[in-house]
Amino acid sequence: MPLLPVLEHSPFAILPLLKSCKTVRNLNQIHTHIIRRGYEQDHFLIAQFLSICAAVLPASSCYPTTVFNAVISPNIYLWNILMKAHCENASIGECFALFRRMRKGANVVPDKFTFPSLIKACSSVMALREGRVVHAAAVRCGTEGDVFLGSSLIDFYGKCREIECARKVFDEMSVRNEVSWTSMMVGYLNCGDTDAARWMFDEMPKRNGATWNAMIKGLVKLGDLVSAKKVFDAMPVRDEVSFTTLIDGYAKAGDMAAARSMFDEMPSKDLVTWSTLMSGYVQNGKPGEAVKVFGEMWAMNLKPDEFILVSLMSACAQLGSLELAKWIESYMREGSYDMGRAHVAAALVDMNAKCGNMERATKLFEEMPERDLVSYCSMIQGLCIHGCGAQAVSLFNRMIDEGVRPDDVAFTIILTTCSHAGLVDEGCRFFDLMIKKYSLSPSPDHYACMVNLLGKSGKLKDAYELLQSMPVESYAGAWGALLGACRLHCDIELGEIVAKRLFEVEPQNSGNYVLLSNIYAEADRWMNVSDLRERMSEKGLRKIPGCSYLESTTPA
DNA sequence: TTTGGAACAC
């Protein structure tokens, strides 16, 4: 890097160069010069350097800490900058360790700039106890009148569902601004107190974009898209966040047509918008559309972020396209994405498992520093898809041994697996475990899995008894599964009982009549078959004729 | 020469 001669004389001459830093390499070069010129103890220059580090380096970098540690007696500015970096990236424990270090050995006193970052760190993990400690420390330091501290405390207590505490802070503030009012309003929205939130919105002396967007988000969360759209239309200036919030709302309500037209209306879109639209399609089971959107974005020469790639991986998993999976992985490797981040790693495991690359999925899974419920479920489901029922069962057992608590979705997966693989004893054991050890109440889907499992292996009586003990009344799916099993094992007697029940629950479903008729037919009970046909036509039911894709698309 | 902190979208 060419250096201007003026650098010889003053540390300030480095500033313009420092501010133009874009990469780690740039930073290293500047740092070298700082050391060479003996500016390592220059508080002003190091403060600037640390600020630029936060903008350029990845969050996990410990470079700023190293630079800070080389300063013999850092001033309060340096402490506060490092504290903020810690609060945004490190664990709450590390933030507090730094705070203690600051108070004990250092020759500085925390000031009003120190506390808001710490409070923010507490609110991001809902650390109520820790946040109260910081609040008390801030009061002891005499900074409680500060509007930044007040606003961060309102946000913190609101996020921790301590709305009364938030309101107390709000009421006791001598100066409030848009942030204080908006934080209080968000607190009410998160507690479901729409009236109080509305009151805040109407009464606040000044609103900015974030205020309006927060209100839209609150209404979207309550499922009131009509009101959300009204607020959106009433906004003086709409930005990307306003549009994106509404797009997400439409997507979550299953209305992708509305989401897409809102997207198309946007004057300018950022990466979050693209990612929101993609994950909307994924959530609504339209992976092909998600991939198309990715293609549109790609054609515009935009570099996808990790959120977009996670959505793309979910779409790929739904499609089961091994080719696309391989492309995504190699693209991410070349693009130096952080594949170790928890949600990225989980998406990679899921994608490979569902696309048939169990070997790769297993490797990624085992290399994860921590295997959570989601990753375990991806693997178990992958093994299920590939017919490795026994392996899936032993992985489920390992998950429990590792202390990961299965939820209702996990049990649906393992019961389905047992049913597919005909693992009757294991399935029954898991069903029992779910109720007795994990106190989960089985859903209709769980019952249907069990009926399938018992029914397929010929334990029709057990399946019938289970269904009679089912607290969820009149769930047709599980009874239909049992009728299917009766047909499989030619059990006319039970088939008649089950069918009778089904005719009551869903009288318009011709499939049940057809199943029973097939049971009769296989036992050569043709009288019963014709009786049944008669009953069907009385009710105006018709067997829906089988129709193949070819027949329906080829002209006659 | 004089630095640092809070709220809204995936």
Side-chain angles (χ1 to χ4, degrees), chain A residues 10-15 18 42-52 54 74-85 87-88 108 110-121 123-124 138 143 146-156 158-159 166 169 173 176-187 189-190 200 204 207-218 220-221 231-232 235 238-249 251-252 262 266 269-280 282-283 304-312 314 343:
Chain A
S10 158
F12 299 102
I14 301 182
L15 277 179
L18 187 54
D42 187 303
H43 288 164
F44 177 68
L45 195 55
I46 298 299
Q48 295 296 314
F49 187 82
L50 292 179
S51 300
I52 303 290
N75 65 7
I76 186 66
Y77 289 95
L78 293 179
W79 277 104
N80 287 340
I81 296 168
L82 189 70
M83 184 63 83
K84 187 191 175 217
C87 289
E88 280 169 2
V108 288
D111 65 5
K112 62 178 183 176
F113 289 90
T114 316
F115 298 107
S117 319
L118 271 168
I119 292 292
K120 190 184 178 184
S123 62
S124 69
T143 73
D146 182 55
V147 66
F148 278 76
L149 177 74
S151 303
S152 61
L153 283 170
I154 293 168
D155 172 67
F156 163 71
K159 286 217 169 78
V169 173
M173 285 172 82
R176 300 177 198 96
N177 62 15
E178 298 96 301
V179 182
S180 331
W181 282 89
T182 304
S183 300
M184 195 63 231
M185 185 188 85
V186 169
L189 284 172
N190 287 337
M200 281 278 154
M204 60 198 288
R207 289 178 278 266
N208 61 20
T211 315
W212 288 89
N213 292 336
M215 183 48 104
I216 295 174
K217 169 74 180 175
V220 160
K221 220 173 155 190
V231 173
F232 177 88
M235 275 182 89
R238 288 171 280 271
D239 64 4
E240 287 89 347
V241 181
S242 331
F243 278 93
T244 306
T245 308
L246 212 48
I247 290 172
D248 192 45
K252 294 228 159 73
M262 187 110 273
M266 279 181 83
K269 307 160 180 60
D270 60 14
L271 287 182
V272 182
T273 316
W274 286 97
S275 141
T276 303
L277 187 67
M278 280 181 66
S279 77
V282 170
Q283 283 163 32
D305 65 7
E306 62 178 46
F307 288 96
I308 289 172
L309 290 167
V310 166
S311 286
L312 185 64
S314 311
H343 60 292

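We use all heavy atoms of the structure for the numbers below, so side chains are in, but hydrogens, waters and symmetry mates are not.
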K.L.:
Scan A/Ile76 against the nucleic acid and name what it touches under 4.0 Å (heavy atoms): base, sugar-phosphate only, or nothing.
P.N.:
base
K.L.:
Given atom CD of A/Gln48 and atom P of B/dT1, what is their separation to the nearest angstrom?
P.N.:
15 Å
K.L.:
Go through B/dA7, B/dG4, B/dA9 for me and flag the one nearest to the A/Thr245 side chain.
P.N.:
B/dA9
K.L.:
Does A/Asn177 form a side chain to side chain donor-acceptor pair (under 3.5 Å) with A/Ser180? I'd like the steps, not just the answer.
P.N.:
CA-CA 5 Å; A/Asn177 62 15; A/Ser180 331; 2.9 Å; yes
K.L.:
Looking only at side-chain atoms of A/Asp111, point me to the closest of B/dG4, B/dC10, B/dC8.
P.N.:
B/dG4
K.L.:
Contact class for A/Asn177 vs. all strands (heavy atom < 4.0 Å): base, sugar-phosphate, or nothing?
P.N.:
base
K.L.:
Any donor-acceptor pair under 3.5 Å between the side chain of A/Ser275 and the base of B/dC10?
P.N.:
yes
K.L.:
Could you check whether A/Asn208 and A/Thr211, counting side-chain N and O atoms only, form a donor-acceptor pair closer than 3.5 Å?
P.N.:
yes
K.L.:
For the side chain of A/Lys159, starting at C-beta, report the closest nucleotide among B/dA7, B/dC10, B/dT3.
P.N.:
B/dA7
K.L.:
Taking 4.0 Å as the cut-off, does a side-chain nitrogen or oxygen of A/Lys269 come that near to OP1 or OP2 on B/dA9?
P.N.:
no
K.L.:
Within this structure, what is the CG-to-P distance between A/Asp239 and B/dC8, rounded to whole angstrom?
P.N.:
13 Å
K.L.:
Just how far, in rounded Å, is C1' of B/dC8 from NZ of A/Lys120?
P.N.:
12 Å
K.L.:
Separation of A/Trp212 atom CH2 from B/dC8 atom P, in whole Å?
P.N.:
18 Å
K.L.:
Which nucleotide in the set B/dC10, B/dT3, B/dA7 lies at the smallest distance from any side-chain heavy atom of A/Asp305?
P.N.:
B/dC10
K.L.:
Output yes if the stacking criterion (under 5.5 Å between centres, under 30° between planes) is met for A/Tyr77 over the base of B/dG4, else no.
P.N.:
no
K.L.:
With a 4.0 Å limit, can you tell me whether A/Lys217 has a side-chain N or O closer than that to the phosphate oxygens OP1/OP2 of B/dC8?
P.N.:
no
K.L.:
For the side chain of A/Val272, starting at C-beta, report the closest nucleotide among B/dC10, B/dA6, B/dA7.
P.N.:
B/dC10
K.L.:
Give the nucleotide from the list B/dT3, B/dC10, B/dA6 with an atom nearest to the side chain of A/Ser152.
P.N.:
B/dA6
K.L.:
Between P on B/dA9 and CE on A/Met215, what's the gap in Å once rounded to a whole number?
P.N.:
14 Å
K.L.:
Over how many whole Å does the gap from A/Ile81 atom CD1 to B/dT2 atom C1' extend?
P.N.:
12 Å
K.L.:
Just the rounded figure in Å: distance from P of B/dA6 to CG of A/Leu118.
P.N.:
11 Å
K.L.:
A/Asp155 and A/Ser152: side-chain donor and acceptor closer than 3.5 Å?
P.N.:
no
K.L.:
Just compare B/dA6, B/dT3, B/dC10 and give me whichever is closest to any side-chain atom of A/Asp248.
P.N.:
B/dC10
K.L.:
Once you round it to whole Å, what is the distance between P of B/dG4 and CH2 of A/Trp79?
P.N.:
19 Å
K.L.:
So, using salt bridge (Lys or Arg N to Asp or Glu O under 4.0 Å) as the criterion, who are the partners of A/Lys217 when residues are at least two apart?
P.N.:
none
K.L.:
Measuring from the side chain of A/Lys84 (C-beta onward, heavy atoms only), which nucleotide among B/dC8, B/dA6, B/dA7 has the closest atom?
P.N.:
B/dA6
K.L.:
I'd like to know if the side chain of A/Thr182 and the backbone of A/Glu178 have a donor-acceptor N/O pair within less than 3.5 Å.
P.N.:
yes
K.L.:
Of the listed nucleotides (B/dT1, B/dC10, B/dC8), which one gets closest to any side-chain atom of A/Val241?
P.N.:
B/dC8
K.L.:
Select one nucleotide: of B/dA9, B/dC8, B/dC10, the one nearest the side-chain heavy atoms of A/Ala210.
P.N.:
B/dC8
K.L.:
Go through the structure and list residues passing side-chain hydrogen bond (donor to acceptor under 3.5 Å, both in side chains) with A/Thr114, not counting sequence neighbours.
P.N.:
A/Asn80, A/Asp111
